[in-house]
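The basis for the numbers below is simple: all heavy atoms, side chains too, and nothing from hydrogens, waters or symmetry mates. Both ligands and their constituent atoms are indexed starting at 1 by order of listing.
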Amino acid sequence: MQKLRVAVIGAGRIGKIHATNLATRLPDVELVAISDVRLESAQDAAKALRIPKALSDYHDFLNSKDIDAVVICSPTDTHARIIEEAAAAGKHIFCEKPIDLDLGIIHRALAAVAKAKVKFQVGFNRRFDPSFRKAAEAVRSGKLGTPHLVRITSRDPAPPPLDYVKVSGGLFLDMTIHDFDMARYLLGDEIDAVTTMASCLVDPQIGKAGDVDTAIVTLRYRNGAFGAIDNSRRAVYGYDQRVEVFGSKGCVTVSNSTPTNAGIWDAEGQHRDLPLNFFLERYQEAYLEEMRGFVSAVLDGKDTPVTGDDGLQAVLLGLAAKKSLELNRPVKISEVAGHGTKGRVAA
Ligand SMILES: NC(=O)c1ccc[n+]([C@@H]2O[C@H](COP(=O)([O-])OP(=O)(O)OC[C@H]3O[C@@H](n4cnc5c(N)ncnc54)[C@H](O)[C@@H]3O)[C@@H](O)[C@H]2O)c1
């Protein structure tokens, strides 16, 4: 079978996860190069994973005939430019979330992808988590009846470094964006309006950088259901990732994953493991499955399982959540959409 020849751009936290999966767990892939502006990071990854080329500048391989696809794992403010360049070079593209923070730039990047007719997937890994997938399937099967309420709890164990916060787009576009995508994915319906309450309760430095670290965003779906997302940048007990969909005939819940399922009882009470600490551990399987989905979309000529429009819709929700906080009122997605929303949710 023909292998997909891939290059990874950015060898930081998420770049190393994808590079490891591409190099060691996906037999249909040949990971041929990795680049990072910090050459040492690329070289370390290349050495550990036996990747033939480590470079500081991705332009050095972008036009090479030896590469079919790129996996963009560099900081958010570099994504759109690299998407346009990769599309112009005819490479298929997997890009980490978010595509960009600016709608005009996102539309331009997606137009470049459409023009080049290359495959494009956004890194909404949580859709590939087996438990969340089962929850979405339960909703789609009709077993729960008509969905009425969605609850998503999403709390990080610790805030990211301030340098990351400053270029990330802030809580709604960096962190809640995963929950917005999950909210769309779980119900297979679009959100019509959001209302946000948020402030800085964890770290005043985050406030000084112009961001918030604690938030509740309520959602109103087009089909009439409601949702609530709660976020914190610091849960002292680990990565708190829970979901519930409540419908007219029942409900589905997904609780936290723990290293073991053992419960120990003593005179003080019951003791269980804390949740898996962060995204690397919690979504290990999901990261592999999303990349498997991308690779098979390219090799088999299928649609990618998460589209550019999914990337756009989640950013629209993030912008609406920000606006709601600023204006202290509910904000309809149409108020921030500009170019209008397509309104399709990939299953
Ligand atoms: N899907 C997820 O679960 C998930 C998790 C973490 C991060 N992310 C996203 O991935 C992106 C990277 O986040 P991270 O946490 O890995 O950040 P990071 O800071 O750990 O890594 C980014 C790396 O990119 C390198 N870099 C910067 N400019 C570059 C360029 N022009 N070319 C090549 N390399 C360049 C940096 O030197 C750094 O090593 C962000 O957009 C973030 O939103 C997604």
Colleague: Is it the side chain (CB and beyond), the backbone, both or neither of C73 that lies under 4.0 Å from ligand 1, heavy atoms counted?
Modeller: backbone
Colleague: Quick check on contacts: which atoms of ligand 1 are under 4.0 angstrom from a heavy atom of D174?
Modeller: 43 (O)
Colleague: Could D181 and R126 be called an ion pair, given the rule that one side-chain N must be under 4.0 Å from one carboxylate O?
Modeller: no
Colleague: What is the nearest protein non-hydrogen atom to atom 40 (C) of ligand 1, stated with its residue, atom name and distance?
Modeller: T76 OG1, 3.7 Å
Colleague: Counting non-hydrogen protein atoms only, what is the nearest one to atom 6 (C) of ligand 1? Give residue, atom name and distance.
Modeller: F279 CZ, 3.8 Å
Colleague: Show me which atoms of ligand 1 lie under 4.0 Å from any heavy atom of N125.
Modeller: 1 (N), 2 (C), 3 (O)
Colleague: Kindly state if atom 19 (O) of ligand 1 has a protein heavy atom within a strict 4.0 Å cut-off, that is, under 4.0 Å?
Modeller: no
Colleague: Can you tell me if Y283 and Q241 form a side-chain donor-acceptor pair at under 3.5 Å?
Modeller: yes
Colleague: Nearest protein heavy atom to atom 13 (O) of ligand 1, by residue and atom, and its distance?
Modeller: Y164 CE1, 3.9 Å
Colleague: List the closest protein heavy-atom neighbour of atom 9 (C) of ligand 1: residue, atom name, distance to the nearest 0.1 Å.
Modeller: K97 O, 3.6 Å
Colleague: Determine whether a donor-acceptor pair (N or O, by modelled atom type, separation under 3.5 Å) exists between the side chain of D266 and the backbone of E268.
Modeller: yes
Colleague: Determine whether the side chains of Y164 and D174 contain a donor N or O and an acceptor N or O closer than 3.5 Å.
Modeller: yes
Colleague: Compute the shortest N/O to N/O distance between I14 and ligand 1 and return yes if it is under 3.5 Å, no if not.
Modeller: yes
Colleague: Taking only non-hydrogen atoms of Y283, do any sit less than 4.0 angstrom from ligand 1?
Modeller: no
Colleague: Is any NZ, NE, NH1 or NH2 atom of the basic residue among E40 and K47 found under 4.0 Å from an Asp or Glu carboxylate oxygen of the other?
Modeller: no
Colleague: One residue to check: E96. Relative to ligand 1, which of side chain, backbone, both or neither has a non-hydrogen atom less than 4.0 Å away?
Modeller: side chain
Colleague: Return the residue, atom name and 0.1 Å-rounded distance of the protein heavy atom closest to atom 11 (C) of ligand 1.
Modeller: S74 O, 3.4 Å
Colleague: Closer than 4.0 angstrom, basic N to acidic O: yes or no for R108 and E84?
Modeller: yes
Colleague: Please determine if R242 forms a cation-pi arrangement with F132, meaning its NZ or CZ atom is less than 6.0 Å from the six-membered ring centre and no more than 45° off the ring axis.
Modeller: no
Colleague: Is there a donor in the side chain of E85 and an acceptor in the side chain of Y58, or the other way round, less than 3.5 Å apart?
Modeller: yes
Colleague: Just by distance, do the side chain of D102 and the backbone of I105 share a donor-acceptor pair under 3.5 Å?
Modeller: yes
Colleague: Which bit of F124 is near ligand 1, meaning a heavy atom under 4.0 Å away: side chain, backbone, both or neither?
Modeller: neither
Colleague: Can you name the atoms of ligand 1, numbered from 1 with element, that are less than 4.0 Å from a heavy atom of H178?
Modeller: 1 (N), 2 (C), 3 (O)
Colleague: Which of the atoms of ligand 1 are close to G10, meaning less than 4.0 Å from one of its heavy atoms?
Modeller: 24 (O), 33 (C), 34 (N)
Colleague: Should H79 be listed as contacting ligand 1, given a heavy-atom distance under 4.0 Å as the test?
Modeller: yes
Colleague: Any idea which of D77, T78, D100, V37 brings a heavy atom closest to atom 35 (C) of ligand 1?
Modeller: V37
Colleague: For G123, take its heavy atoms, then give the atoms of ligand 1 lying under 4.0 Å from any of them.
Modeller: 1 (N)
Colleague: Between R222 and D189 (salt bridge meaning N to carboxylate O under 4.0 Å), is one present in this structure?
Modeller: no
Colleague: Distance to 0.1 Å, residue and atom name: give those for the protein heavy atom nearest to atom 24 (O) of ligand 1.
Modeller: P75 CD, 3.5 Å
Colleague: Among protein heavy atoms, which sits nearest to atom 21 (O) of ligand 1, and what does the distance come to when rounded to 0.1 Å?
Modeller: G12 CA, 3.2 Å
Colleague: Can you tell which part of D57 has a heavy atom less than 4.0 Å from ligand 1: side chain, backbone, both or neither?
Modeller: neither
Colleague: Does a donor on one side chain sit under 3.5 Å from an acceptor on the other, for T307 and D310?
Modeller: yes
Colleague: May I ask whether R126 places a heavy atom under 4.0 Å from ligand 1?
Modeller: no
Colleague: Are side-chain N/O atoms of D240 and T153 paired as donor and acceptor at under 3.5 Å?
Modeller: no
Colleague: If the threshold is 4.0 Å, N to carboxylate O, is there a salt bridge linking R151 and D230?
Modeller: no
Colleague: Would you say S56 has any N or O atom under 3.5 Å from an N or O of ligand 1, going by distance alone?
Modeller: no
Colleague: To the nearest 0.1 Å, how far is atom 36 (C) of ligand 1 from its closest protein heavy atom, and which atom is that?
Modeller: D36 OD1, 3.4 Å
Colleague: Take atom CG of N328 as the centre, draw a 6.0 Å sphere, and report whether it contains more than 12 heavy atoms from other residues, nucleotides or ligands.
Modeller: no
Colleague: Run the numbers for me: atoms of ligand 1, each under 4.0 Å from some heavy atom of I9, listed by number.
Modeller: 32 (N), 33 (C)
Colleague: Using atom types as modelled and distance alone, determine if a side-chain donor or acceptor of T196 lies under 3.5 Å from a backbone N or O of V217.
Modeller: no
